There are 2 protein chains.
Amino acid sequence: MTTQKGAEALPLNTIIDGDCIEAMLALPEASVDLIFADPPYNLQLKGELHRPDNSRVDAVDDAWDQFSSFAAYDRFTQDWLKAARRLLKPHGAIWVIGSYHNIFRVGAALQDAGYWILNDVVWRKSNPMPNFRGKRLTNAHETMIWASKSEGAKYTFNYEALKALNEGIQMRSDWVLPICSGHERLKDAEGNKAHPTQKPVSLLHRVLVGSTNPGDVVLDPFFGSGTTGAVAKMLGRHWIGIERDASYREIAERRLSKTRKYDASALEVTAGKRQEPRIPFGQLVERGMLRPGEMLVNTRGQMAKVRADGTLIGDDIKGSIHQVGAHLEGAPSCNGWTYWHFRRDGKQVPIDVLRQQVRAELKGSRAN
Amino acid sequence: MTTQKGAEALPLNTIIDGDCIEAMLALPEASVDLIFADPPYNLQLKGELHRPDNSRVDAVDDAWDQFSSFAAYDRFTQDWLKAARRLLKPHGAIWVIGSYHNIFRVGAALQDAGYWILNDVVWRKSNPMPNFRGKRLTNAHETMIWASKSEGAKYTFNYEALKALNEGIQMRSDWVLPICSGHERLKDAEGNKAHPTQKPVSLLHRVLVGSTNPGDVVLDPFFGSGTTGAVAKMLGRHWIGIERDASYREIAERRLSKTRKYDASALEVTAGKRQEPRIPFGQLVERGMLRPGEMLVNTRGQMAKVRADGTLIGDDIKGSIHQVGAHLEGAPSCNGWTYWHFRRDGKQVPIDVLRQQVRAELKGSRAN
DNA sequence: CCTAGTGCTGAATCATACC
DNA sequence: TGGTATGATTCAGCACTAG
């Protein structure tokens, strides 16, 4: 283990009370191996939102997420990124997580500050909140940026460890992980969530296994509920948190005091179940395996036409392959995959053959 | 079909030869429904960039040169985004695709130009190129940004069609689609790929089905191999391409001349209830489908009486079917059509059934 | 003990036609 | 133009209860 200049002043494995920029300026330069940052997203939410069942969505409307303008947010971002870069060892690296509200500004600021982007990594949420009003796509992912201190700088990357985490296949830039919920989600005395945006252990586990080594110093300038610290401690890394909110510090302190090194129990979440991926019929149309306008036929010779959105239209019914099949049979349900056939080389082939082709392709690129 | 100001000058379904910014400035403003853009992002590579004064950038690891490179790319991005925004109709929208090299700068520039981000969408490649040296994560995705012309502006979103494409489940912001390869990949005379970054048809299919309607005008200012035009033509949308490279124009021309539109009935897409004509509840009373004095009941057995003017009166409240329902539920809103039931043949039937009868009648009379 | 069913929740930029 | 009234809209996972 190397001795580093000023390292004796590093308050290892503690939570610093204060503003993240001031606190970082007070720490010795070039002393940290990895920074993981979950800054405010600047969501800019306006009114209230209700689910179709009329329950109210508990939005992130905390004061710490409010900025007067993009310019103000940019200034804040530039300032903390600069202070963070000063703290990094020459071979250190940074991860920043965000959503479309802020991540583009953060990414540009990272590049402008001299960091060198190594990957952008997409956290694909297996259970995101739907878009209740049907006005946009389900916002089902967040974006992380992984960057080294400067172009050409060395950085830690445990390729084999991540490959092993991924069942022997090279780890990709998209990670499918569930959001933090259930028992993992910290609650306050009243049973409400203790922090509005607690990150899952599984996410930090993958970050720290992939880009740090045991004994490294990991800093989180927006410590919040302390997931970064907890995972660092479990994995035998040193950690430093900065948090200005007393109630967040309190729950993080309690959490860290109960966390044990190599406590793998919280990781069971990561080992997600693996099942046959669901292939929507529409994907066959998008991929050109079936053309809009093409006719499908059942075993009795009845026909239906494929539409551009992956629905079928028959004589007096339109809907999914299953719905139209059920209607023609007068049955409550129908497996459209085996019911419908298309013509190829003069023969009738069930469309399920096409689904299997897609599955085979996906299997080749499995992972996650 | 509506006549639009300056539309006679729109060169529909052609490829414009020239620089994208100049070409866009020459087109009539507010004339385009959708822009799909796949801008170049190799400008920051060594030797291809010029400083503002047009002197060449060579030492890329020099901090100033790096900044200069980004600045030049930013200026280029701002310029074409501004020209593009001028072309958009007030309810138009834009899609931009990129990778971590450029997408953060593009996203920030979009926001700064006044566009309003609706979603960022991750194209998750099912068969990406692996990272051969094992130095980083497999770069397995690209990012698209979907934005309206300004905050609060309307935009086209075919929610039900995308939901149908995804077999009845709301479409998410992460799309798993294969890269363009095999027969779909255009080859030149020597059998080499004709364009380095040809986008797959499946990607554009989803974009155009989701955010345009038949007859819309779709512009691609970086036309390349012409995937945008080809899919637009297949889907019965008008298209305009801008491309300055003669060899790309040539392969795109050939491609478009061979592309055929799907038949019209296949282009019809699942529509939502919002498209249905509005039926005032009072009309059911006028038509004698419900009698004044008749009692409606909710699922909890609570009753309200129908009045001659189409309002309801309950124990302590009178008003519309929606208002009385919301009051009884203590909810911010209520859909009275599904909330209230009437008795027919001893069974409780939602009044929405009556509305559907009226709509069916209207549809029949309109056809005559 | 297991299974089925209910209820709750998650970083959300989540209306629009009509008068 | 703004104010008002209509009425459309959700997926996965976990905790808990009932049987």
Side-chain angles (χ1 to χ4, degrees), chain A residues 38-62 64-67 70 97-103 123 125-143 176 178-185 187 191-193 195-200 222 224 269 272-273 278, chain B residues 111 115-120 147-148 151-155 157 159-160 163 166 168-173 272-282 310-311 319-323 325-326 331-340 351-352 355:
Chain A
D38 182 13
Y41 288 8
N42 188 23
L43 289 187
Q44 308 166 77
L45 303 179
K46 298 280 180 351
E48 292 202 325
L49 179 65
H50 293 88
R51 299 186 181 79
D53 66 3
N54 272 324
S55 62
R56 199 179 70 87
V57 173
D58 184 15
V60 177
D61 52 5
D62 307 73
W64 51 253
D65 197 49
Q66 315 285 336
F67 292 82
F70 279 134
I97 184 168
S99 67
Y100 69 83
H101 308 84
N102 72 321
I103 198 64
W123 169 25
K125 303 180 183 183
S126 57
N127 50 348
M129 187 165 71
N131 186 291
F132 295 117
R133 310 301 292 266
K135 306 309 292 183
R136 303 182 179 187
L137 301 165
T138 308
N139 198 355
H141 74 276
E142 293 188 24
T143 302
V176 179
I179 60 175
C180 181
S181 67
H183 283 128
E184 187 188 335
R185 189 91 195 206
K187 303 290 197 311
N192 301 313
K193 59 189 174 194
H195 191 280
T197 68
Q198 184 182 341
K199 293 292 172 286
F222 307 96
V269 188
K273 42 195 170 195
R278 191 180 56 89
Chain B
Q111 293 177 311
Y115 291 95
W116 192 249
I117 297 181
L118 300 168
N119 277 115
D120 62 333
S148 63
E151 180 179 1
K154 275 178 60 175
Y155 53 90
F157 181 49
Y159 175 77
E160 294 292 343
K163 191 173 169 180
N166 199 32
I169 293 167
Q170 191 172 88
M171 185 70 80
R172 297 166 41 115
S173 59
K273 282 190 193 167
R274 289 184 177 100
Q275 316 261 351
E276 300 277 311
R278 184 178 282 197
I279 310 292
F281 174 71
T311 56
S320 71
I321 52 173
H322 315 294
Q323 290 167 333
S333 70
C334 169
N335 183 345
W337 290 106
T338 52
Y339 182 79
W340 292 109
I351 58 175
D352 202 33
R355 180 170 66 162

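Model, not experiment: these values are computed from the prediction. Order of the sequence lines sets the chain letters (A, B, ...), proteins ahead of strands, with each chain counted from 1.
Base pairing analysis places dC2(C) opposite dG19(D); the two distances defining the Watson-Crick or G-U wobble pair are each below 3.5 Å. Pairing partner, dT10(D): none, since no Watson-Crick or wobble contact has both distances short of 3.5 Å. Using N1 to N3 plus N6-O4 or O6-N4 for Watson-Crick, or N1-O2 and O6-N3 for G-U wobble, each under 3.5 Å, dT13(C) pairs with nothing.
Taking the P atom of each, dT9(C) and dA8(D) are spaced 27 Å apart, rounded to whole Å. dG7(C) and dA11(C) have their P atoms separated by 23 Å, with the value rounded to a whole Å. With both ends at atom C1', the span from dC14(C) to dG10(C) equals 15 Å, rounded to whole Å. Taking atom P in both dG7(D) and dC19(C), the straight-line distance is 12 Å, to the nearest Å. Rounded to whole Å, the C1' atom of dA18(D) lies 14 Å from the corresponding atom of dC1(C). Rounded to a whole angstrom, the distance from the C1' atom of dC8(C) to that of dT10(D) is 13 Å.
Between dT9(C), dA12(C), dT16(C), one nucleotide has an atom nearer to the side chain of Lys135(A) than all others, and that is dT16(C). Considering only side-chain atoms of Lys273(B), the nucleotide from dT9(C), dT13(C), dA8(D) that sits closest is dA8(D). Among the nucleotides dT13(C), dT6(D), dA11(C), the one closest to any side-chain atom of Trp64(A) is dA11(C). For Met129(A), counting side-chain heavy atoms from C-beta on, the closest listed nucleotide (dG10(C), dC11(D), dT13(C)) is dG10(C). Of the candidate nucleotides dT13(C), dA11(C), dT10(D), dA11(C) has the atom lying nearest to any side-chain atom of Thr197(A). The nucleotide whose nearest atom lies closest to any side-chain atom of Asp38(A) is, among dA11(C), dA5(D), dA12(C), dA11(C). Nearest to the side chain of Lys125(A), among dA11(C), dA12(C), dA8(D), sits dA11(C). Side-chain proximity of Arg185(A) to the nucleotides dT16(C), dA5(D), dG10(C) is greatest for dG10(C).
Separating the CZ atom in Phe157(B) from the CG atom in Asn131(A) is a distance of 7.0 Å, to the nearest 0.5 Å. To the nearest 0.5 Å, the span separating NZ on Lys46(A) from CD on Glu151(B) amounts to 4.0 Å. Atom CE in Met129(A) sits 7.0 Å away from atom CZ in Arg51(A) (nearest 0.5 Å).
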In sequence, state the C-alpha distance, the side-chain angles, and the governing distance for His322(B) and Tyr339(B), and then conclude on side chain to side chain contact (heavy atoms under 4.5 Å, CB included).
CA-CA 8 Å; His322(B) 315 294; Tyr339(B) 182 79; over 6 Å; no
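Nucleic acid contact class of Glu151(B) (heavy atoms, under 4.0 Å, all strands): none. The residue Lys163(B) sits close only to the backbone: its heavy atoms come under 4.0 Å of sugar-phosphate atoms, none of a base. Gln170(B) comes within 4.0 angstrom of the backbone, heavy atoms only, and of no base. When heavy atoms are screened at a 4.0 angstrom cut-off, Asn131(A) is found touching base atoms of the nucleic acid. Nucleic acid contact for His183(A): sugar-phosphate only, since backbone atoms but no base atoms lie under 4.0 Å from a heavy atom of the residue. If you check every strand for non-hydrogen atoms under 4.0 Å, Pro128(A) touches a base. Heavy atoms of Ser126(A) sit under 4.0 angstrom from primed sugar atoms or phosphate atoms, though from no base atom. Residue contacts shown for Glu160(B) are limited to sugar-phosphate atoms, with no base heavy atom under 4.0 Å away. Contact annotation for Pro39(A): base contact, defined as any heavy-atom pair under 4.0 Å involving a base atom. Residue-level contact check: Lys46(A) touches neither bases nor backbone, having no heavy atom under 4.0 Å from any strand. Residue contacts for Ser99(A): at a heavy-atom cut-off of 4.0 Å it reaches no nucleic acid atom on any strand shown. Among the protein residues, Gly47(A) comes within range of the nucleic acid bases, having at least one heavy atom under 4.0 Å from a base atom. Among the heavy atoms of the strands lying under 4.0 Å from Arg355(B) are primed sugar atoms or P, OP1, OP2 only; no base atom is included. Nucleic acid contact class of Asn54(A) (heavy atoms, under 4.0 Å, all strands): none.
Rounded to whole Å, the distance from CG on Asn127(A) to C1' on dC8(C) is 13 Å. What separates CG of Asn192(A) from P of dG10(C) is a distance of 9 Å, to the nearest Å. Computed from coordinates, the His195(A) NE2 to dA11(C) C1' distance equals 10 Å when rounded to whole Å.
Toward the 5' end of DNA chain C, the nearer of the two residues Lys154(B) and Asp65(A), judged by each one's closest nucleotide, is Asp65(A). Residues Arg278(B) and Leu118(B) both approach DNA chain C. Their nearest nucleotides, taken by heavy-atom distance, put Leu118(B) toward the 5′ side. The 5' end of DNA chain D is approached more closely, in terms of each residue's nearest nucleotide, by Ser320(B) than by the other of Phe132(A) and Ser320(B).
Base orientation of dT13(C): syn, since the glycosidic angle falls within 90° of 0.
With hydrogens and angles left out, the side chain of Ser333(B) and the base of dA8(D) share a donor-acceptor pair within 3.5 Å.
For the 3.5 Å distance criterion, the side chains of His101(A) and Ser99(A) qualify, holding a donor opposite an acceptor.
Side-chain N/O atoms of His322(B) include one lying less than 4.0 angstrom from OP1 or OP2 on dG7(D). Proximity of Tyr100(A) to the phosphate of dT13(C): a side-chain N or O atom is located under 4.0 Å from OP1 or OP2.
Between Trp337(B) and Phe281(B), the two ring planes are perpendicular [angle over 60°; tilted spans 30° to 60°].
Judged by ring centres under 5.5 Å apart and planes tilted less than 30 degrees, Trp116(B) stacks against the six-membered base ring of dT13(C).
Side-chain N or O atoms of Asp65(A) include one that pairs as donor or acceptor with a backbone N or O of Leu43(A) at under 3.5 Å.
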